[in-house]
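The structure appears right after this line, and notes come after that.
All residue numbers in this chain count up from 1 along the given sequence.
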Amino acid sequence: EALVGGIVGYLHNTAMSDCSNDGTTIKATGYITDGSSINAFVGGYIGQTGGNCSIKNCHNKIDILYEEAGQWVGGVCGFLSGLRVENCSNTGNISAPKSRCVGGILGELCGRGEPVMSELTNSGDITGGNSVGGISGAFYDDWSVDSNGYYALRVSKLENSGNVVASSDYAGGCIGYLYANAYYNYRNPQICVTISGATSTGNVTGKTFVGGIVGYAHSDCVDSKITDCSACGTVTAEAKVGGIAGQLNRIALLDCSNEG
């Protein structure tokens with residue numbers, strides 16, 4: 001019903017690599033409650049990870065259907081707590097119209113250390129409620145800094161050709177919602193974000209904070225940037241909409257284009 005993966009429901013402090021899922025459809029119907037939070041944890045390979053996990057060379061080809069309001073649904077992993085996601089793809093359609101954090105590869109990445117997202121591809125249509133992306137529905141990190149109070153989130157070579165639809169807010173061709181803000185008070189901690197080489201050709205639709213590459217992104221580091229990115233799908237929203245990003249806070253936009 002919930003905590004569902006095509007290979008494993010829950011993975012802890014483990015690396016997963018060289019996997020392929022050629023089944024038919026994953027259909028999840030339940031959820032897990034944690035206080036006021038309603039959680040689904042549904043993924044083509046892994047429902048949820050704990051500790052520090054990494055995923056490499058994993059490719060999902062099946063559709064995922066989830067009709068409840070639980071959060072975290074992804075083509076490869078629903079909720080990833082970890083360091084690296086590399087060379088993964090999704091071709092299945094993902095439909096979770098009431099859910100928060102829905103993505104072609106990841107529902108959400110919660111960063112540990114200095115996370116890397118690289119060479120991720122989606123061609124399936126992705127439908128969710130809030131925080132929906134062709135690659136990742138959300139990235140959230142407000143604590144993970146090194147001893148100098150600084151670290152870098154590196155995102156590169158993302159490619160989406162599927163349509164992305166959010167019934168509510170935060171929709172992006174590659175990433176729906178990204179928040180990187182260190183809260184430690186020593187040594188002026190910063191989380192610097194670099195997104196490079198992201199492309200999206202799919203259409204993106206939502207209510208507010210909607211963009212061809214990123215719906216909404218925030219960083220506490222003034223050196224953060226989105227660079228060498230392009231989008232050519234139609235982007236449709238009621239407010240806070242852009243060909244590349246719906247809204248950016250402390251993130252520069254360099255050498256990007258939109259032809260939609």
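- Within the 4.5 Å cutoff, no side-chain heavy atoms of Glu67 are placed close to those of Thr29.
- Placement of Tyr66 and Val165 in two distinct hydrophobic clusters is found when ILVMFWY residues are connected by side-chain heavy-atom separations under 4.5 Å, directly or transitively.
- Looking only at distances, a side-chain donor or acceptor of Asp125 sits under 3.5 Å from a matching main-chain atom of Asn163.
- Considering only heavy atoms from C-beta on, Asn60 stays 4.5 Å or farther from Thr91 through its side chain.
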>> Between Ile126 and Val132, is the side chain to side chain contact (heavy atoms under 4.5 Å, CB included) condition met? List the steps.
In response: CA-CA 7 Å; Ile126 312 300; Val132 185; 3.8 Å; yes
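- With rounding to the nearest 0.5 Å, the separation of CD1 in Ile26 from OH in Tyr45 is 9.5 Å.
- Contact annotation: the side chain of Val42 never approaches that of Trp72 to less than 4.5 Å [non-hydrogen atoms, C-beta and beyond].
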> What do the steps show when you test Ile94 against Val102 for side chain to side chain contact (heavy atoms under 4.5 Å, CB included), and what is the final call?
Replying inline: CA-CA 8 Å; Ile94 299 175; Val102 181; 3.9 Å; yes
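- Hydrophobic clustering, with ILVMFWY side chains joined whenever heavy atoms are under 4.5 angstrom apart, keeps Tyr31 apart from Leu65.
- A donor-acceptor contact closer than 3.5 angstrom links the side chains of Asn39 and Gln71.
- Sequence neighbours left out, the pairs with a member in residues 2-20 that pass side chain to side chain donor-acceptor pair (under 3.5 Å) are Tyr10-His12, Asp18-Asn57, Ser20-Asp22.
- Screening residues 219-260 for ring-ring contact (aromatic ring centres under 6.0 Å, His included) gives no qualifying pairs among residues at least two apart or on separate chains.
- Counting only heavy atoms from C-beta outward, the side chains of Cys221 and Arg250 never approach each other to under 4.5 Å.
- Contact of the Thr25 side chain with the Ile64 side chain is not registered, since no non-hydrogen atoms from C-beta on lie closer than 4.5 Å.
- At a threshold of 4.5 Å between non-hydrogen side-chain atoms, the residues Phe139 and Glu108 do not count as touching.
- Of the possible polar contacts, one joining the Ser167 side chain to the Pro97 backbone as a donor-acceptor pair under 3.5 Å is found.
- Counting heavy atoms from C-beta on, the side chains of Cys53 and Met16 never come closer than 4.5 Å.
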>> Run the side chain to side chain donor-acceptor pair (under 3.5 Å) test on Ser196 and Ser156 for me, step by step, so that the C-alpha distance in whole Å, both residues' side-chain angles and the decisive distance to 0.1 Å come before the verdict.
In response: CA-CA 5 Å; Ser196 63; Ser156 63; 4.9 Å; no
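- A side-chain donor from one of Ser219 and Ser224 sits under 3.5 Å from a side-chain acceptor of the other.
- We find the OG1-CG distance between Thr49 and Leu80 to be 4.0 Å, quoted to the nearest 0.5 Å.
- Considering all non-hydrogen atoms of both residues, Val73 and Ala96 come closest at CG2-CB, 4.2 Å.
- If you run side chain to side chain contact (heavy atoms under 4.5 Å, CB included) between Leu158 and each of Thr199, Leu120, Asn122, only Leu120 comes through.
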> Between Asn21 and His59, does a side chain to side chain contact (heavy atoms under 4.5 Å, CB included) hold up when you go through it step by step?
Replying inline: CA-CA 7 Å; Asn21 191 350; His59 307 283; over 6 Å; no
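- Side chain to side chain, Ser230 and Ser257 fail the donor-acceptor criterion of an N or O pair below 3.5 Å.
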> Would Ile46 and Ile55 satisfy side chain to side chain contact (heavy atoms under 4.5 Å, CB included), going step by step from the backbone distance to the final call?
Replying inline: CA-CA 10 Å; Ile46 308 164; Ile55 303 173; 3.8 Å; yes
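- Expressed to the nearest 0.5 Å, how far NZ of Lys225 lies from CD1 of Ile195 amounts to 12.0 Å.
- Side-chain atoms of Ser99 and Cys101, non-hydrogen and from C-beta on, never get closer than 4.5 Å to each other.
- A pairwise comparison of heavy atoms in Leu109 and Ser136 identifies N-OG, 4.2 Å as the closest pair.
- Distance CG/Asp228 to CG/Asp255: 5.5 Å, rounded to 0.5 Å.
- Taking CD of Glu119 as the start and NZ of Lys157 as the end, the distance is 5.0 Å to the nearest 0.5 Å.
- Here the closest non-hydrogen pair linking Cys174 and Ala198 is SG-CB, 4.1 Å.
- Cys229 has its SG atom at least 2.5 Å from the SG atom of Cys256.
- Taking every heavy atom of both residues into account, Ala166 and Gly129 meet most closely at CB-O, 3.6 Å.
- Rounded to the nearest 0.5 Å, atoms CD (Glu159) and CD1 (Ile135) are 8.0 Å apart.
- Smallest separation of non-hydrogen atoms from Glu68 and Lys98: O-CB, 3.4 Å.
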Enumerate donor-acceptor pairs with a distance under 3.5 Å from any side-chain N or O in residues 200-217 to protein atoms, sequence neighbours excluded.
residue: Ser200; atom: OG; partner: Asn160; partner atom: ND2; Å: 3.1
residue: Asn203; atom: OD1; partner: Thr234; partner atom: N; Å: 2.9
residue: Thr208; atom: OG1; partner: Asp169; partner atom: OD1; Å: 2.7
residue: Tyr216; atom: OH; partner: Asn249; partner atom: ND2; Å: 2.8

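- A parallel orientation is assigned to the rings of Tyr179 and His218, their planes being inclined by less than 30° (bins at 30° and 60°).
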